[in-house]
Amino acid sequence: MKQKLEKLLSQAIQKLNLPPVPIVLELPKQKGHGDLATPAAFLLAGPAKKSPRDVAELIVEKLKPLPSWIEKAEVAGPGFVNFTIHHCAYFETLGNIFKQKGKFGSSRWGEGKKIILEFVSANPTGPLNVVSARAAAVGDTLANILKAAGFKPHREFYVNDVGHQIDLFTQSLEARRREARGEEAAIPEGGYQGEYLKDLAQKITRGDFRSEGLKAMVAWQKKSLKNFGVVFDRWLHQSALMKGPKFSKTLNVLQKKGHLYEQEGALFFRATAFGDDKDRVVRKSGGEYSYFASDIVYHADKFARKFDRAIDLFGPDHHGYVARTQAGVQALGFDPKRLTILIVQQVNLVRGGKVVKMSKRAGEMITMDDLLEEVGKDAGRFFFLMRSGNTHLDFDLDLAKKHSLDNPVFYVQYAHARIASVFRKAREYKIKFRPAAARADFFDLPEEKELVKRLLEYPEVLLRAAKELEPHGLAFYCLDLAKQFQSYYSRAKEDPRYRVVDPDNLPRAQTKLYLLKNIQIVLQNALGLMGISAPERMEGKE
RNA sequence: GCGCCCGUAGCUCAGUUGGAUAGAGCACAAACCUUCUAAGUUUGGGGCCCCAGGUUCGAAUCCUGGCGGGCGCACCA
């Protein structure tokens with residue numbers, strides 16, 4: 001419908017001998033401004049040497065005679081052209097949604113390109129925290145969104161199982177074991193104090209502490225993520241990457257291109273040549289390679305594995321690494337645009353209106369497992385997805401676990417469940433839903449047209465989320481759609497024309513069931529992408 | 001000091017890439033239950049879009065300079 005109108009408009013502009021301009025069609029915010037509007041006349045006012053209003057008038061003239069699906073086209077305001085679309089045309093579009101079902105909203109924008117998303121990638125030294133949970137929700141949902149937009153996404157977790165932190169972890173674990181045997185032992189400076197190491201130290205009976213300890217931590221993180229609905233395609237261990245031939249090969253490439261130099265016994269990468277503020281150490285003077293070295297190799301490996309694009313989600317404490325990582329990729333000769341680094345910002349847990357203070361040292365931590373247990377997967381994911389990833393998030397624990405409709409995730413799920421409930425009611429009345437029995441002439445209430453307009457927005461919302469790599473638009477869309485539906489539904493109390501299940505008027509009932517089914521499809525699609533369940537009925541009333 | 005992010009209703013935040021009179025939820029005030037789920041809906045008040053310049057038909061949105069907040073600036077990962 002939109003495309004058809006765009007075409008008509010560009011034809012009209014051509015007939016006026018005006019230069020082609022990109023046609024923008026937007027949904028007017030104001031009621032009374034029609035269903036679609038274009039500001040095209042503003043862009044053409046200059047070349048035409050006329051006022052925007054006059055140009056708009058000319059365009060409307062040239063559009064005549066209007067096709068039957070356009071009710072009217074009028075000039076308004078300083079030069080907008082507003083179109084009112086016949087409600088039958090909206091009814092027709094429902095057929096598309098109904099036919100496409102779970103595919104409605106998908107596109108081929110990504111052209112089947114392979115895209116790797118690396119996220120969470122927390123150190124295997126302890127349980128996952130709430131920022132990791134946020135990264136998991138955002139990363140996983142982005143992968144789903146990109147898939148719907150025509151990419152082939154791959155989820156990867158990079159396990160940093162090498163280096164100083166791992167040494168500390170091993171030493172802490174050993175200290176806990178000696179402690180358990182009644183020996184005197186101290187956790188090393190900067191080591192890991194958490195209680196979980198006490199349990200772990202007792203469980204490990206054979207093999208070496210380092211590898212068994214890491215194995216247990218990775219398994220734990222894997223389990224936490226699975227409970228949150230996030231399953232990675234691959235867990236890549238840094239140690240494996242460093243053992244392979246790729247490591248020296250990649251560094252040789254940098255060496256040959258002259259991007260490395262030695263100074264004071266250390267090997268430096270000339271990151272400043274690519275926009276970073278400092279050159280970065282690749283091999284320390286002690287002979288060990290830095291974390292950064294392995295990260296460059298990892299990114300080279302991503303592109304060597306034929307991924308067209310790579311997306312990294314970094315935690316708030318790593319944003320100083322963005323410039324050097326981009327620099328590394330560029331120095332290796334890859335187009336830096338192929339790598340996008342997103343920052344997942346800090347999470348403040350709020351309880352009773354106050355930020356929950358956490359201290360890692362004192363062991364006062366709320367982990368991802370704690371959060372999941374307290375608020376559940378659905379609320380957890382929805383709350384993380386309500387905000388853009390790169391802004392700080394206040395996570396209201398009290399609200400998230402409320403089983404009432406103040407809770408946005410419940411509100412959306414309730415809309416879905418309510419539709420399911422209407423269908424159950426229809427069966428009680430022996431009304432068998434037949435989509436083909438829906439009729440345009442019973443699709444006549446203004447709210448119904450508005451609802452379909454909302455449904456038609458969904459593909460654009462989804463595509464936009466994919467382009468911007470921002471899932472929060474989807475969450476807001478669900479809320480808007482749910483609200484619009486609830487409002488429509490509620491009118492049945494005062495006005496029988498809004499009642500769906502009316503055994504005395506079967507065509508009307510069928511038409512409304514058809515509309516509701518389409519709303520349900522879109523809600524299911526959106527919730528599905530976010531990894532949130534779409535329940536048939538709401539339970540657990542408090 | 002340098003870099004990145006942020007500043008919109010009392011609070012938490014949207015704002016369709018520069019469009020019409022800036023929106024939602026919560027909170028506050030009021031109205032509606034012989035119902036397809038009131039676990040709901042409707043209405044109302046509430047704004048120097050941090051400040052000052054600039055760009056143009058038009059700015060919350062873009063540019064410059066400030067102010068305020070967060071984070072980062074290791075031969076740690």
Side-chain angles (χ1 to χ4, degrees), chain A residues 24 26-30 33 37-39 42 45-46 51-52 76-80 82 121-123 125 160-168 190 238 263-268 276-278 280-286 288-292 294-295 316-323 343 345-346 350 353 386-388 390-394 396 399 402-408 410-411 414 417-426 428-429 457 460-461 464 467-468 472-473 475-476 479-480 483 486-494 498-502 509 512-513 516 537-538 540-542:
Chain A
V24 179
E26 49 199 26
L27 298 175
K29 287 175 230 168
Q30 216 68 35
H33 287 163
T38 181
F42 294 103
S51 77
F80 291 90
N82 295 339
S121 296
N123 280 344
T125 52
N160 305 140
D161 59 344
V162 176
H164 185 56
Q165 296 301 323
I166 304 305
D167 295 341
L168 282 173
Q238 185 184 345
Q263 191 180 315
E264 292 163 17
L267 188 63
F268 280 79
D276 198 1
D277 2 320
K278 282 181 190 161
R280 306 294 173 177
V281 169
V282 170
R283 194 186 59 226
K284 307 178 207 171
S285 50
E288 276 175 55
Y289 284 95
S290 66
Y291 172 78
F292 174 60
S294 76
D295 217 25
D317 49 338
H318 280 62
H319 89 231
Y321 277 72
V322 174
I343 303 294
Q345 287 288 2
Q346 180 190 325
V350 177
M386 278 200 311
R387 299 277 172 273
S388 165
N390 72 11
T391 59
H392 292 210
L393 167 67
D394 285 330
D396 187 336
L399 182 60
K402 252 195 202 168
H403 287 211
S404 82
L405 301 197
D406 298 347
N407 183 345
F410 264 70
Y411 188 80
Y414 180 53
R418 205 170 211 183
I419 292 173
S421 159
V422 173
F423 274 85
R424 284 194 292 273
K425 192 58 133 190
E428 259 177 53
Y429 280 84
E457 266 183 76
E460 293 170 38
V461 169
R464 189 178 150 81
K467 284 185 177 169
E468 314 255 319
H472 70 281
F476 280 97
L479 281 167
D480 288 342
K483 184 188 160 74
Q486 299 280 30
S487 171
Y488 164 71
Y489 173 93
S490 301
R491 293 207 58 179
K493 267 175 293 178
E494 57 203 44
Y498 286 80
R499 211 177 164 77
V500 178
V501 182
D502 180 357
K512 289 198 186 326
L513 284 173
L516 260 55
R537 42 163 54 91
M538 298 306 277
K541 182 175 178 178
E542 238 178 292

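When reading the values below, keep in mind they use all heavy atoms of this one structure, side chains included, and skip hydrogens, waters and symmetry mates.
- Within the 4.0 angstrom heavy-atom criterion, no nucleotide atom of any strand lies near A:Pro52.
- B:rA20 has A:Phe80 stacked on its base ring, the centres lying under 5.5 angstrom apart and the planes within 30 degrees of parallel.
- Using a 4.5 Å heavy-atom threshold, the side chains of A:Phe42 and A:Pro78 count as touching.
- Looking at heavy-atom distances under 4.0 Å, A:Ala266 makes contact with a base.
- Contact annotation for A:Asn82: base contact, defined as any heavy-atom pair under 4.0 Å involving a base atom.
- Backbone-only contact: A:Asp394 has heavy atoms under 4.0 Å from sugar-phosphate atoms and none from a base.
- Side chain of A:Ser290 to main chain of A:Val282: a donor-acceptor pair is present (N/O by atom type, distance under 3.5 Å, no hydrogens or angles).
- A:Glu26 comes within 4.0 angstrom of the backbone, heavy atoms only, and of no base.
- Residue A:Val162 is in sugar-phosphate contact alone, with no base atom involved, counting any heavy-atom pair closer than 4.0 Å across all strands shown.
- Within the model, atoms CD of A:Gln346 and CG of A:Asp317 stand 10.0 Å from one another, a figure rounded to the nearest 0.5 Å.
- Spacing between B:rG70 and B:rG10 at atom C1', rounded to whole Å, works out to 22 Å.
- A straight line from CD1 of A:Ile343 to C1' of B:rC4 spans 8 Å, rounded to a whole angstrom.
- Looking at which nucleotide of RNA chain B each of A:Arg387 and A:Lys467 is closest to, the 5′-most match is held by A:Arg387.
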Checklist entry - Along nucleotides 24-32 of chain B, 5' to 3', which nucleotides get a B, which get an S, and which get a -, given that the test is a protein heavy-atom distance under 4.0 Å? => result SS-------
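- Using a 4.0 Å heavy-atom cutoff across all strands shown, A:Tyr411 reaches sugar-phosphate atoms only and no base atom.
- No N or O donor and acceptor, one from the side chain of A:His392 and one from the base of B:rC6, sit under 3.5 Å apart.
- To the nearest angstrom, P of B:rC73 lies 8 Å from NE2 of A:His319.
- Atom pair A:Asn407:CG and B:rG40:P shows a separation of 11 Å (rounding to whole Å applied).
- Between the CZ atom of A:Arg491 and the C1' atom of B:rU41 there is a distance of 11 Å, given to the nearest Å.
- B:rU55 and B:rG40: their C1' atoms are spaced 49 Å apart (whole Å).
- Distance CZ/A:Arg424 to OH/A:Tyr429: 14.5 Å, rounded to 0.5 Å.
- Distance check: A:Gln238 CD to A:Ile166 CD1 gives 8.5 Å after rounding to the nearest 0.5 Å.
- Counting to the nearest Å, the C1' atom of B:rG19 and the CG atom of A:Leu27 are 14 Å from each other.
- Pair check for B:rC28 finds B:rG44; Watson-Crick or G-U wobble, both atom distances under 3.5 Å.
- Taking atom CG of A:Asp317 as the reference point, atom P of B:rC5 lies 17 Å away to the nearest angstrom.
- At least one side-chain heavy atom of A:Asp406 sits less than 4.5 Å from a side-chain heavy atom of A:Leu399.
- In this structure B:rG72 sits in a base pair with B:rC2, meeting the Watson-Crick or G-U test at under 3.5 Å.
- Nucleic acid contact for A:Ser388: sugar-phosphate only, since backbone atoms but no base atoms lie under 4.0 Å from a heavy atom of the residue.
- The separation between A:Tyr291 atom OH and B:rC75 atom P is 16 Å, rounded to whole Å.
- OP1 or OP2 of B:rU42 sits under 4.0 Å from a side-chain N or O of A:Ser487.
- Comparing the C1' positions of B:rG18 and B:rA59 gives an interatomic distance of 7 Å, to the nearest angstrom.
- Within the nucleic acid shown, A:Tyr498 comes within 4.0 Å of at least one base atom, counting heavy atoms only.
- The nearest whole Å value for the distance from the OH atom in A:Tyr289 to the P atom in B:rA74 is 23 Å.
- Nucleotides B:rG45 and B:rC6 have their P atoms positioned 32 Å apart, rounded to a whole Å.
- OP1 and OP2 of B:rU41 both lie 4.0 Å or more from every side-chain N or O belonging to A:Ser490.
- Taking 4.5 Å as the limit, every side-chain heavy atom of A:Arg283 sits out of range of all side-chain heavy atoms of A:Phe268.
- Remark: side-chain polar atoms of A:Ser285 are not paired, donor with acceptor, to backbone N or O of A:Ala266 under 3.5 angstrom.
- Nearest-nucleotide assignment on RNA chain B puts the 5′-proximal partner with A:Pro28, out of A:Pro28 and A:Gly286.
- Residue-level contact check: A:Glu457 touches neither bases nor backbone, having no heavy atom under 4.0 Å from any strand.
- Residue contacts for A:Ala37: at a heavy-atom cut-off of 4.0 Å it reaches a base atom on one of the strands shown.
- In this structure, CD in A:Glu460 is found 10.0 Å from NZ in A:Lys467, a value given to the nearest 0.5 Å.
- The nucleotide B:rG23 finds its pairing partner in B:rC13, both defining distances of the Watson-Crick or G-U wobble pair being shorter than 3.5 Å.
- Taking 3.5 Å as the limit, the base of B:rC6 and the side chain of A:Thr391 contain no donor-acceptor pair of atoms between them.
- Residue A:Glu264 is classed as a base contact, given a heavy-atom separation below 4.0 Å to a base.
- The line from OH of A:Tyr498 to OH of A:Tyr489 is 15.0 Å long, rounded to the nearest 0.5 Å.
- In this structure, A:His33 packs face-to-face on the six-membered ring of B:rA20, meeting both the 5.5 Å centre cutoff and the 30° plane limit.
- On a pure distance criterion of 3.5 Å, no polar donor-acceptor pair joins the side chain of A:His318 and the base of B:rG72.
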